[in-house]
Every structure is written in structure tokens, then in C-alpha cells.
Amino acid sequence: MSFRAAAFSRSCLAMGLVTALGGHAARAADPAPAPNAAPASASPAATAPLRLPGEGRNMPDSFADLAAKLLPAVVNVSTTEMVRPGEDDDDGDDGDSTPQVPNFPEGSPFEKFFHDFMNRQDSPNAPPRKMQALGSGFIIDPSGVIVTNNHVVRHADQITITLQDNTVLKARLLGHDDRTDLAVLKVDSPKPLPAVPFGDSDHARVGDWVLAIGNPFGLSGTVTAGIVSSRGRNIEQGPYDDFIQTDAPINKGNSGGPLFNLNGEVIGINTAIFSPSGGSIGIGFSIPSAEAQGIIEQLRHHGRVTRGWIGVRIQDVTQEIADGLGLKSPHGALIAGVEPKGPAAMAHLQTGDVIQSLNGKDIDGRALPRLVAELAGGSVAHLGIWRKGQEMNVAITIGALPEEKADKADGASQPAKKPAQGSMAITGMGFTVGDLDDIARQKYNMAEGQKGVLVTGVTDDSPAAERGLRPGDVVTEVQQSAVNTPADLRRQLDTARSQHRKTVLFLVQNSDGLRWVPFPLPDGAGH
């Protein structure tokens with residue numbers, strides 16, 4: 001959470017999710033009355049006091065001794081970056097740091113002065129500007145190894161660490177990881193530095209006390225207390241989200257700082273807050289130590305991270321998808337695509353398979369990428385697969401996650417405003433389809449061998465529009481059976497209707513890849 005950031009440090013989320021380059025804002029709400037408080041006339045049994053377990057009664061009278069022990073190992077992280085004309089100051093991660101032109105009267109000298117000043121700042125001939133940001137970190141090794149968030153130090157030309165005793169040390173970056181927003185720094189000190197150990201975040205329970213220490217708004221050595229509010233939170237910041245949620249107040253500048261349990265162990269790295277205003281409302285997120293430790297060790301010793309990979313595109317099994325597949329319960333990760341020549345293809349996994357377990361552990365679509373990433377390349381894993389009503393076990397050799405490819409060229413074409421001639425309307429679903437010919441392939445920049453049925457139009461506010469269908473999308477399968485013509489699609493809908501299904505699954509391909517889209521099955525057929 002960088003001090004200069006007013007909004008989410010990685011990229012501002014809708015609904016005000018803010019990166020904690022600085023942390024959260026102070027807690028402001030008074031304790032609410034107990035929602036289940038019994039009225040005065042309640043029976044003695046109903047009003048009997050709740051007996052807490054032994055450890056629940058061991059609440060500390062003060063956190064002072066623990067804070068005094070931990071504070072020396074928490075550091076301020078200061079970065080300096082030279083921003084040249086035409087460059088984005090912060091990639092949009094930390095909010096808009098560009099000065100805003102005041103609302104002077106139109107045509108006034110003041111308006112002209114400020115507009116001229118801003119234009120000079122953006123001129124190609126303007127000198128580089130020095131941008132500074134503040135975050136937090138903590139020492140994990142007396143030799144001077146420090147953990148922080150990647151968004152605190154990325155793009156930095158210079159990194160400076162300030163210890164609790166105001167000692168200032170230059171730091172160098174050992175390695176960083178964009179996917180988990182972690183970075184490891186190294187400082188050289190003439191004497192061993194105080195360090196803190198990692199704890200096991202898997203043992204943290206909702207309701208456990210935690211302390212957050214960091215550098216909110218540049219106020220070094222700030223200690224706040226709260227509880228673990230929830231676990232396993234997905235805030236859609238990356239493929240491996242599994243955050244600890246806490247109400248310990250953290251603000252801008254807390255990013256990269258530690259979240260401690262009462263044993264003085266780091267169980268989380270404070271990374272983001274949810275806030276409509278940019279300040280703490282008691283909803284913060286920390287990277288669990290169980291996930292972070294392996295990443296940190298790789299960054300510390302190798303400067304980069306390698307992850308396991310099986311080469312599938314997956315999505316969660318919702319109730320609608322489960323109904324469409326005939327699954328008894330919404331459970332597992334539905335394969336929406338298989339990477340050619342990838343580990344999954346070599347293990348003969350298929351689009352439409354549902355992965356329900358990994359090495360005997362039940363999984364869902366959100367957890368699968370993270371669990372696979374933790375596996376070593378070359379190791380063999382065992383997947384529990386559900387395929388068209390049958391359960392099977394599949395052995396798969398884990399591969400290494402390929403390096404990220406360059407961003408795809410923007411080859412999207414404007415959607416067709418009118419249905420193509422000869423198109424067929426899908427009654428009750430709100431879209432029309434047509435044959436996929438060479439003209440359509442060229443118009444929508446598709447591969448020469450692309451097969452399926454082309455979506456030619458989508459009605460506003462229809463089920464198709466609600467599910468993100470767009471003209472130019474291609475329906476390749478219905479109910480796990482290939483469709484190549486509108487007539488094929490209609491026959492599959494009629495078959496699903498004859499089986500009295502309530503939901504039908506479409507496998508849809510667009511520029512983003514494949515995904516399964518569930519639709520309530522309407523009474524009428526396409527025409």
C-alpha cells in the first residue's frame with residue numbers, strides 16, 4: 001500500500017477495493033448490540049451466559065509486551081522512481097496522483113496559467129519527475145532479508161529501508177512475483193537485525209486475535225489490533241487469491257507489512273483493503289503465510305517463481321452448471337478448454353470433464369489453480385474426474401507454468417448490429433445464431449479451422465446478454481456434443497428438452513478463450 005496511492009494499488013476494483021500500499025483506514029464503528037440478545041422475559045435457559053473455551057478467556061489485558069517485541073523487525077519501505085514525460089506515474093494502481101486543475105472562471109488568467117503549467121508537465125521535452133512512495137515490510141532473517149508487496153517496490157529506481165531506530169539502509173531487490181504481489185529485498189547491515197518467524201496461517205481460526213504493524217500514511221511503527229474476520233477470500237486480484245480477511249485497521253502505507261498472531265508469528269502479509277472512500281472500514285486482506293512462504297523462498301534463492309501447470313482452462317461448477325451436467329451437487333472444476341500438447345492433453349483430459357479432487361483432496365474451480373501451482377514440475381498428481389456420468393481417476397504429470405505471453409493484439413471487430421441473413425433465433429434465450437463461414441471467420445478474426453455456430457445477435461436485457469454473450473462468439477458444443485450448424489444446435493436443445501432438463505450448457509469461444517455458459521432451458525425451440 002503505497003502512501004501516494006489513493007485507490008487500489010494493483011488496480012482499482014469496482015466497489016472500492018483498495019490496495020494497501022498504505023493499509024486501511026481507522027475503524028470507526030461502535031460495537032453493535034448482540035443480534036441474538038434475549039428479551040428480559042426470556043426463560044433462564046435462554047439467558048444463560050455462553051461459556052467460552054479456555055483459550056477464549058485468555059484475552060490479553062494489553063498488547064504492549066508483544067508489540068515491543070515485534071516492532072524492531074517491521075520496517076518502512078521508501079521507493080523513488082523517475083517518471084519521464086508520457087509515462088504513467090503508477091500504472092493506475094495507486095490512484096490518480098496527477099494534480100487537478102482548480103475550477104477557475106472560464107477564460108481567467110488563473111485558468112490559462114494552470115493549463116499552461118499542466119501542458120508543460122506533459123510535454124515530451126519536460127524533465128523527468130521524481131516520484132516517491134511509502135510502504136511497509138518485515139525482516140525474516142537477521143542477515144537483512146525483507147519481505148514486502150511487489151506493488152510497493154515495482155518500477156522503483158531506488159529502495160530505502162528505515163528501521164525502528166531510524167537507521168536508513170539501501171535495499172536491493174532479490175526477486176518479485178506479480179501473481180501473488182510479493183517481493184523480497186536485501187539490505188547489508190554491520191550487525192544482525194531483529195527478525196520475526198512465520199506461523200502457520202492454516203491454523204488461524206475466524207475470531208482469533210491478530211496485530212497489524214506498519215507505516216500507514218508515513219506514520220512509522222503503527223500497531224493496530226483486530227481479529228481474523230474470514231478466510232479463503234477471493235478478491236479477484238489474481239488466479240491464486242486465498243486471502244485472510246481482518247478487521248485490524250490498516251491504511252495506505254501498510255502494504256507489505258505483517259499480520260501477527262498472539263505468538264508473535266507472521267500469518268499474513270497485508271496487501272489490500274475494501275473501501276468505497278479509500279480509508280479503512282474494517283475490511284482488509286492479507287496473503288496467508290502458508291501460501292507466501294514457498295514463494296518467498298523461491299524469490300530469495302532464485303529471484304523468480306516456478307509453478308506447477310496442467311494446461312486447462314477451468315471454471316467453478318455452479319448449481320446451473322451442475323443441473324446441466326446431471327451432477328448431484330455443484331462441486332468441482334469444470335474444464336472449459338485443454339491446452340494442446342499440455343499435461344492435461346497428454347493425460348487425455350477433455351473439455352467438459354469435471355475435476356473433483358486433486359491427490360485425494362476435494363477441490364473447486366477457484367482452488368485448483370493455486371493447488372496445482374504448489375506442485376513441483378515433473379511430479380505426478382492424481383485427479384478425480386467426473387465425465388458424462390462416470391467417475392474415474394487420472395494420473396497426470398505436472399508441467400511448469402509457461403512464461404506469460406505478450407498481450408494479444410486487439411483484433412476485435414465491431415459486433416454485427418443486425419442478425420445475418422439466414423440466422424436462427426433461440427427462443428427464450430435472447431440471441432440468434434448463424435452458420436460460421438469464411439466471411440464470418442475473417443470479420444471476427446478467427447482461426448481458419450474454427451468450427452461451431454456463430455452468435456449473430458444478442459437482445460438487450462435477455463438471458464444471453466446477462467451471461468455475457470456477444471455477437472461474434474461461437475457456440476462449439478451444446479450439452480458436451482459438438483455443433484457446427486444452427487440445425488445441430490436446435491437438435492441438441494430438442495434432445496435436452498426431451499430429457500426434461502431444466503438447464504442446458506453451451507461451450508462458447510471468443511477472443512478470451514472457452515467457457516461454459518448455463519442457460520435455463522425454455523419451452524420453445526429455435527426457429
Side-chain angles (χ1 to χ4, degrees), residues 1-3 5 9 18-31 58-78 134-140 146-149 152 161-168 193-199 201 204-229 243-275 278-289 292:
M1 308 174 183
S2 158
F3 181 47
S9 226
V18 184
T19 269
L21 250 202
H24 302 186
R27 298 166 66 189
D30 293 328
N58 292 334
M59 291 187 296
D61 294 328
S62 171
F63 296 109
D65 290 341
L66 181 60
K69 174 184 175 183
L70 301 175
L71 274 165
V74 181
V75 303
N76 293 352
V77 181
S78 175
L134 295 176
S136 303
F138 56 98
I139 304 168
I140 62 170
I146 296 170
V147 174
T148 187
N149 279 144
V152 172
I161 299 300
T162 305
L163 306 180
Q164 189 197 24
D165 62 3
N166 292 323
T167 299
V168 178
L193 298 176
V196 287
F198 280 106
S201 59
R205 301 171 60 199
V206 173
D208 281 351
W209 282 102
V210 288
L211 290 186
I213 303 180
N215 179 37
F217 299 108
L219 300 171
S220 61
T222 296
V223 182
T224 56
I227 63 170
V228 173
S229 302
F243 289 98
I244 295 172
Q245 181 183 330
T246 180
D247 68 346
I250 51 179
N251 291 278
K252 296 179 179 65
N254 272 110
S255 274
L259 188 72
F260 291 104
N261 61 20
L262 293 192
N263 294 324
E265 300 167 330
V266 178
I267 61 167
I269 295 96
N270 299 321
T271 298
I273 63 173
F274 178 92
S275 173
S280 172
I281 59 172
I283 303 178
F285 303 96
S286 300
I287 303 168
S289 60

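This chain uses plain numbering: 1 for the first residue, then up along the sequence.
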**Student:** Which residue in the set Val77, Val168, Thr167, Asn215 passes side-chain contact (heavy atoms from CB on, under 4.5 Å) when paired with Thr162?
**Tutor:**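 Answer after filtering Val77, Val168, Thr167, Asn215: Val168.
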**Student:** Mind checking side chain to side chain contact (heavy atoms under 4.5 Å, CB included) for Gln245 and listing every partner two or more places apart, or none if nothing turns up?
**Tutor:** Ser229, Ser230, Arg233, Ile283, Phe285
**Student:** With a 4.5 Å cut-off on side-chain heavy atoms, are Ser286 and Ile269 touching?
**Tutor:** no
**Student:** Please check this pair: side chain of Asn149 against backbone of Gly256, looking for a donor-acceptor N/O pair closer than 3.5 Å.
**Tutor:** yes
**Student:** Considering non-hydrogen atoms only, spot the tightest contact between Gly226 and Ala248 and give its length.
**Tutor:** N-CB, 3.7 Å
**Student:** Looking at Ser62 and Ala64, what are the two nearest heavy atoms and their distance?
**Tutor:**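 Shortest heavy-atom contact: OG-N, 3.0 Å.
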**Student:** Yes or no on side-chain contact (heavy atoms from CB on, under 4.5 Å) for Val196 and Ile139, after CA distance, side-chain angles and deciding distance?
**Tutor:** CA-CA 6 Å; Val196 287; Ile139 304 168; over 6 Å; no
**Student:** If you define the side chain from C-beta out and look only at heavy atoms, does anything of Val75 sit under 4.5 Å from Phe138?
**Tutor:** no
**Student:** For a 4.5 angstrom cut-off between non-hydrogen side-chain atoms, does Pro258 reach Val74?
**Tutor:** yes
**Student:** Any side-chain heavy atom of Leu211 within less than 4.5 Å of one from Thr224?
**Tutor:**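 Contact flag for Leu211/Thr224 side chains = no.
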**Student:** Might you work through the side-chain contact (heavy atoms from CB on, under 4.5 Å) test for Ile146 and Ile140, ending with a clear yes or no?
**Tutor:** CA-CA 6 Å; Ile146 296 170; Ile140 62 170; over 6 Å; no
**Student:** When you measure from the side chain of Asp65 to the backbone N and O of Ala68, does any donor-acceptor pair fall under 3.5 Å?
**Tutor:** no
**Student:** Apply the side-chain contact (heavy atoms from CB on, under 4.5 Å) test between Ser201 and each candidate in Asn261, Ile267, Val266, Ile287; give the one that qualifies.
**Tutor:** Ile267
**Student:** Can you tell me how far the CD atom of Glu265 sits from the CZ atom of Phe198, to the nearest 0.5 Å?
**Tutor:** 11.0 Å
**Student:** Please report the closest heavy-atom contact between Pro197 and Gly264, naming both atoms and the distance.
**Tutor:**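 What the structure gives for the nearest pair is CD-O, 3.8 Å.
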**Student:** May I ask you to test the Leu66-Trp209 pair for a side-chain heavy-atom distance under 4.5 Å?
**Tutor:**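 With C-beta onward as the side chain, the pair stays apart.
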**Student:** So, the side chain of Thr246 versus the backbone of Gly284: is there a donor-acceptor pair under 3.5 Å, distance only?
**Tutor:**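 Such a contact is absent between Thr246 side chain and Gly284 backbone.
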**Student:** Considering only heavy atoms from C-beta outward, does the side chain of Leu71 approach that of Ile213 to under 4.5 Å?
**Tutor:** yes
**Student:** Can you list everything that forms a side chain to side chain contact (heavy atoms under 4.5 Å, CB included) with Ser78? Sequence neighbours excluded, please.
**Tutor:**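 Per chain and number, Ser78 pairs via side chain to side chain contact (heavy atoms under 4.5 Å, CB included) with Leu134, Thr160.
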**Student:** Please report the C-alpha distance between Ile281 and Phe274 in whole Å, then the side-chain angles of each, then the deciding distance to 0.1 Å, and finally whether the side-chain contact (heavy atoms from CB on, under 4.5 Å) criterion is met.
**Tutor:** CA-CA 7 Å; Ile281 59 172; Phe274 178 92; 3.9 Å; yes
**Student:** Would you give the length of the straight line joining atom OG of Ser289 to atom CG of Leu259, rounded to the nearest 0.5 angstrom?
**Tutor:**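 Output value for this atom pair is 9.5 Å.
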**Student:** Give the minimum heavy-atom separation between Asp247 and Ile227, together with the two atoms involved.
**Tutor:** OD1-N, 2.7 Å
